[in-house]
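Structure first, commentary second.
Every heavy atom of this structure was used, including side-chain atoms; hydrogens, water molecules and symmetry mates were not.
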Amino acid sequence: METEEIEVNCPTCGKVVIWGEQSPYRPFCCKRCQLIDLGEWADEEKRIPSHGEQSDSDEWTEEDPLKH
């Protein structure tokens, strides 16, 4: 049985990546692109859209015991 290789584009640079064991950083083409993406999330340049006006993190207060 022949399996078809799945190809995706690296979300950072657009290079074609084969989705398989030969691509350990998939969907990224390399560690560098993976770290660039992680940095964008950490800097809040990327976000998952929400339907509310306030995010869960906006609800924290100094008195909240879970924050400490």
Compare every heavy atom of Gln34 with every heavy atom of Tyr25, then report the nearest pair and how far apart it is.
CD2-OE1, 3.6 Å

Cys29 versus Lys15, closest heavy-atom pair with distance
CB-CD, 3.9 Å

[X] side chain near [Y] side chain, heavy-atom distance below 4.5 Å:
{"X": "Trp19", "Y": "Pro27", "value": "yes"}
{"X": "Arg47", "Y": "Glu40", "value": "no"}
{"X": "Asn9", "Y": "Val17", "value": "no"}
{"X": "Lys46", "Y": "Asp37", "value": "yes"}

Inter-residue atom distance [X].[atom1] - [Y].[atom2], 0.5 Å rounding:
{"X": "Glu7", "Y": "Ile18", "atom1": "CD", "atom2": "CD1", "value": "5.5 Å"}
{"X": "Ile36", "Y": "Lys31", "atom1": "CD1", "atom2": "NZ", "value": "12.5 Å"}
{"X": "Ser23", "Y": "Phe28", "atom1": "OG", "atom2": "CZ", "value": "12.5 Å"}
{"X": "Glu21", "Y": "Arg26", "atom1": "CD", "atom2": "CZ", "value": "5.0 Å"}

Does a sphere of radius 6.0 Å around CD in Glu5 hold more than 12 heavy atoms from other residues, nucleotides or ligands, not counting ones at 6.0 Å or beyond?
no

